[in-house]
Each structure stands twice: as structure tokens, then as C-alpha cells.
Amino acid sequence: VNEPAQVAIIADDEDLGRLLLAETAQASGLEALCFDNGSAALEAALAREVAIVLLDVDMPGMDGYSVCRRLRAEPRFATVPIVMVTGHEDSVAIGRAFDAGATDFISKPVNWALLPRRLAYILRNAAAAERIERLAYFDALTELPNRQHCIDTAERLFADAADAQHQVAVIYFDLNSFKRVNDTFGHSIGDVVLKNVASKLARVLAPFQAAHDSISVARFGGDEFVVLVGTDQARSTAIEIATACSAMLNDPIAHDGLEFYSAPSIGIAVYPDDGHDVATVLKHADTAMYQAKSGATGSIVMYTAAMSARLRDWLDLEGRLRRAVSENQLQLHYQPKFSLGDNRLMGVEALLRWCDSEYGEIPPTRFIEIAEDSGLIIDLGTWVIRAVCRQLSEWQALGLRVPVAINVSGKELLHGDPARVIEVECAAAGIPASLIEVEITESVLVKDSGRVRVALERLRELGCPIALDDFGTGYSSLAYITRFPPDRIKIDKAFVHNLDRSASDAAIANAILSLGDSLNVTITAEGIERQGQLEWLRKRGCHEAQGFLLSRPLPAAEITRRYSKTAGTPPEQALGRGTD
Amino acid sequence: MTGGAPSAGAEAVAEVDAPTVLGLKSLRGGQSDLYARLVELFRSSSAKSIEELRTALDAEDLPAAASICHKLGASAANVGALAFARYVRQLEKLCNEGETARALRIYQTVRAAHPALIEELNRLQLEESA
């Protein structure tokens, strides 16, 4: 908490009174700035930090009431004590003083022996009020204005803008990887990142604030910051500010020999174009921010009305998905994969399907994104594991022993405990955990190698094989793979698509196949749609294949029907023939 | 009724309130000779005010006279001349009420007491510096 500035502004047109007030202020440890008229005192008070203002009521020109009212109109004078000194003792004068916003009222003749003690009391109360104000309106960690302060400021800017017929832009910042930093390194590092972000934002804003006094920044929530821009060119200034902030925040934060990234997603909404009240414009800036989040990292998005409709759909779908999980309305289909050496069924990949009563079939890319964004992915992951274990138990009873691969997202590995869920569900279903293969994308390995490695090691201890899905499309370096060698690598369908026609795709596929050889890892090609692809892969020693040419994803009953008696024998025409 | 104007002799009007002076002398801000400074300021400003008051009353400019009284009364109270200040405030009130004749009578009392008051203040000031 900052100590109040130690300056007393004194206005009295009577020389002795002015001198005595100055003496009293100095006796209270304040520096006294004295004026014999109201307007000079007002000008001085507005130009500096002030601890207290002592005003005579009757002065030529601007009287004490007017000075008091004018000062109280300034937000920074909200808690500064203003004391009126007057010879008028009637209730009307006292009422006028308090109506003008006076903190206290001192009658003449003044008891000068008592006044220093009274001032000390007033200053103590003001310091307490200042502390309360700071607690209520400022964020203790970053020392920036808080959410309530931001809303109050926005209310004031919107009112001013309505009078002046100009705009106010609201810039909403959210830090993309903050939760991961907090979860991985703890809150103390999270706090370091937030303080660093706050000071970066303040630094970027300083030159803009020097040019316009109606630009402010606040910490709005956990990792959310809001900048208000109340200038006549609010929209373009906001874009300029957002661009500068984005560039500054994209630089990593160095702390204790580590680097942390705090790239933001930024949404902008403008009053009155995007809403006529603070709550609506803030909500729309937030909506635009979410739009930015779903795109490239660090992007800046201006709000459009269409976004709200999309967000409503999104929220509606999230609610429906939540119900679908809890009411068991999801389905699993299973896509077989086959050995290219002897055409045997080697396993199936469990693929989630959701058919909503109103929206119909929802593509997995859509609902997985919703699940990841809402945190529902953990429940969804648990549902899949349970359903797969029950299915495996059913197939086991029918004599069909077919490993099932499930897709596990980075969020599940970071925030959930898939190993424990698999252990519990396998035990309940009476099947070995080794029948469940865990597919992760290579980007998961990069995200948070320490934490992910622990989660993967636990899965491996249970006996679950680990497969690296969509290989070749992410950012993984070979170092990650050698540090945590997977049991299987799946060549992404993007490279499989043209491997028999494109030299560069063929080169990548060849490289992955060689990698599999040297690391002794099973290589599976996915997305096989043509016989040519299959032959190319077979000739180069690819171990397994999966794709529409061999089999579409099938309901469990169809898997049972096709393979329960013939499991381990070549089931597909395509595999057996070797020609188109 | 606005009567009741004090009708005391110059000595009573020139009396200085001892506890107030003590209080002023106890004030410890930046000035080491605060009370002497106050008396000096009062001596010059009050003499000027009394002359201006005379001019205003002669011109029957009662608002101007009331304004001068307001300031003079406050100054007097600020050196501890509480009785003198009471008379001046009474005078201010009469001016505000347009009671010219009675205002002139009080003015005479104030004017008559002024030299004695200054003398008393000088004495107290000397006591201060002694």
C-alpha cells in the first residue's frame, strides 16, 4: 500500500488563517502549499498527489464549495480528505459543505491547539480509506486496477463517450499457456508470469497513455487482462495497442534459468457499435477473444455479431455433450488394422461417435474441441476407457482377443489420470491392461515432456503399449522419440495419401519406415484408400495398415460378427489379392 | 431583534483571550516566532481594514463593509482577540441586515478599541520573544 503523498493544499484569502493552517499542516508532518484563492488551489491540487485539502469557504472568485465539488469529480480524489473551514456555523452551510463532498467541517474561531490532532485523525482515516479502496479496487499481485475498478472506469468512459459521440474500445487479453505454467511449475511461477505480463502491458501502454489520458489497463481475472481505450479513434488505437502488446507478450519470460511463454489471445469490441452497456461490450470482447483462441496463437480478433451466434451454438453443444456423457448416449466404432506381412487382424482403433437428437451426427473434431475447451475431456476419456473395457470383456468371452487402441489427449495426460482409470476399469472388466493401446499425438510429447513422461511411464508399467499418432505432422524432434520410444508409430494419412505418386511424401514415409526399423518400433500406415498405397507400403516393409480400403470403422457388433470366429485369419479381399 | 450590541469600554473590547494565545504558541509547525508573525500580520492588515471599513460605511456600501468585517473578524480571532472579533462579527451582521446607524455605532467602538488591542498584542508578543 502506498503512503499518501505528503502535501496539503491550503486555500484561505485571510492571511492569518492561511498561515495558521500552514503551520498546522506542517505540525502534522505535511508540506503546505498555500493559496489566497480557490482557482489557484484547485489548479495546484489537480497537478499533484495530495494528502489533504484545507479550504476556507468564503473566498473571492471560486469559493470553497466549488473547489471541493470539482476535486471530488476526479476519481483520484475519491478518498483524499477535504476539510472546509468557515465562520458560517448554520446547518445550511454545514449541509452545503458535506453535499459538496467535504470530509469534515471546522468552525471559526478555530481551536488551533486542537486542530493538529484533528488533522492527524482525519489523515489516519483517509489512509485507512485508501487501503480499503486499494483492496476493493486493485489487484494485490500486479497492483493493476481489478475487475470492479475496470467496470467502473468503463461505465464512466461509456458515459463520456455517449456525450462526446465517440467510441470506447475494450481489448480482452487471455494468456494461452498460463494454466499449463501454473499446473506444471506451481502458483509462485504463475504469479511471476502474471506480474511480468502486467508490467509488459503497462510498458506498452505508457506512450499511448501519455497521448490520451483515457486509456487504462486492469487485471480482469486469473490470466485475463482488459485494456480500455476511450479516444476519438478508439478502434484503430485499440488495434495498434493490441498489436504492440501481442508482440511484447510473444517474447518469452525468463525466470530462474527457465523460459515461460505467455502469448495472448486478444479480442476487441467497441462501444457503441458492439453493445450499449459495459456488460455487453465486455462479453463481446470476451467472445472475440475466444474466437482468437481457436485460431492461431497470439491472433487479434475484432468482434462481429456472427460470433455470438456461434458461441451460443458452442455453449449449447457443450451442455448436450455433458448430458451425452453422463447419460451414456455416445457410441464407439472400431476400425481394424491389419498386418501387411500375413494379413492378420492386429487390433482395432476405438473411434468416438456422437449423434445428437437435434444436431444429428457431430464430427469428432468439433466435439473433441468442445470437450478439451470445457474440461469435459477427462470425463469423456473415462467414458471411453470404461466402454472399451466392457467391450473387450465381451469379446474375450466370445474368444475374440483383439487389442483396442484409444486416443488420449494431452489434457487427459496433464490433468487426468488415465493410468488409474485403465487399471480400475480393466480390473472391473477382468481383462489385461495390455489389450489397451494408448495413442497420443506427437505434439503431446513436446508440450510438457516431464509430466507427460511420468503419465506415459505409468501406462507402460500397466502394460499398455504406447502409439505415436499422426506422425510427421507435429513438431516432435527425434530426441523426444529416443527419450521415450513408443511401441508403435502411425504414419499420418497426409503422407500416405500420395506416397505412391509424390516423391517428397514417399521420402517422408521411407524415412519413418527406416526410423521404425532402427528403433525396432512397429509402423502402421493410416488412411489407406487405394491399392497402390497398400502395395507401396507392403514392398517397403511397413508392418501394419489401417484405412477405408481395408475396413471402415465398424460398430462393435459388426466386429464381433466378422472376426469372432476368424480372428487371426485374413478377412479382407484387398489384403489377400495384392492387386487393384 | 438584532440589538444586544456589546457596549463595553475599549479595554474590555481589547482583551486578548489567554488560553487561545497559549494554544497558538503551542503550535509547532515551521515558524519559530509564529505568534510574533501573526501579531505583525494583524497589526498591518487590521489597521488597513479599519480604514477601508470607514470608507465603505461612509459610502453606505454595506456589502463591502460586511465583507471587510468577515475577514477582520477572522483575523482577530486568529490572534486571540476574541472579544474584538465578536464586535466585528456583530458589525458584519448589522451590515448584512442594512442597519447602518447601529453599524456605525459599533464601528466607533471597534475603532476606539483597536489601538489598545494592538498595544496588548505587542505586549504579548514581547512576552513571547522575552
Side-chain angles (χ1 to χ4, degrees), chain A residues 6-34 36-38 51-52 54-61 63-64 84-90 92-93 105-120 123, chain B residues 16-49 52 63-64 66-93 96 117-118 121 125:
Chain A
Q6 298 297 298
V7 169
I9 297 287
I10 290 163
D12 194 337
D13 64 329
E14 193 267 302
D15 296 343
L16 280 79
R18 197 164 62 244
L19 176 62
L20 282 162
L21 285 173
E23 281 295 304
T24 306
Q26 283 163 3
S28 306
L30 300 166
E31 181 195 345
L33 294 181
C34 299
D36 64 0
N37 66 85
I52 191 166
L54 302 167
L55 297 171
D56 182 31
V57 169
D58 292 300
M59 289 183 284
D63 66 15
M84 307 286 267
V85 186
T86 179
H88 301 289
E89 291 174 40
D90 57 294
V92 175
F105 184 93
I106 292 168
S107 303
K108 291 178 181 175
V110 176
N111 184 336
W112 295 105
L114 186 64
L115 191 59
R117 289 180 188 279
R118 190 152 168 189
L119 284 195
L123 286 166
Chain B
V16 177
D17 184 63
T20 303
V21 174
L22 215 60
L24 288 168
K25 286 181 176 175
S26 73
L27 200 53
R28 286 282 174 271
Q31 305 257 351
S32 56
D33 54 349
L34 175 68
Y35 192 68
R37 180 89 202 283
L38 290 170
V39 169
E40 179 52 40
L41 273 174
F42 181 73
R43 195 162 41 208
S44 55
S45 68
S46 60
K48 191 165 164 250
S49 294
E52 285 170 353
S67 168
I68 295 162
C69 286
H70 187 79
K71 219 161 149 178
L72 178 61
S75 293
N78 284 338
V79 282
L82 299 188
F84 186 85
R86 269 196 302 277
Y87 273 81
V88 174
R89 273 203 294 277
Q90 181 64 29
L91 180 51
E92 180 188 353
K93 197 176 174 197
N96 283 330
L117 173 60
I118 297 298
L121 290 171
Q125 179 203 329

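Lettering of chains follows the sequences in order, A, B, ..., and the numbering in each one begins at 1.
- B/Leu82 approaches A/Pro109 most closely through the heavy-atom pair CD2-CB, 4.5 Å.
- Using a 4.5 Å heavy-atom cutoff, the side chains of A/Leu19 and B/Asn78 are not in contact.
- Pairing each heavy atom of A/Trp112 with each of B/Leu27, the nearest pair is O-CD1, 3.8 Å.
- At a 4.5 Å heavy-atom cutoff, the contact between B/Ser26 and chain A is made by side-chain atoms alone.
- Taken to the nearest 0.5 Å, the NZ atom of B/Lys71 stands 11.5 Å off from the CG atom of A/Asp58.
- The structure places OG1 of A/Thr86 at 5.5 Å from NE2 of B/His70, a figure rounded to the nearest 0.5 Å.
- Shown here for B/Leu41 and A/Leu16, the closest heavy-atom pair between the two residues is CB-CD1, 3.7 Å.
- Proximity to chain B (any heavy atom under 4.5 Å) is shown, for A/Asp13, by both the backbone and the side chain.
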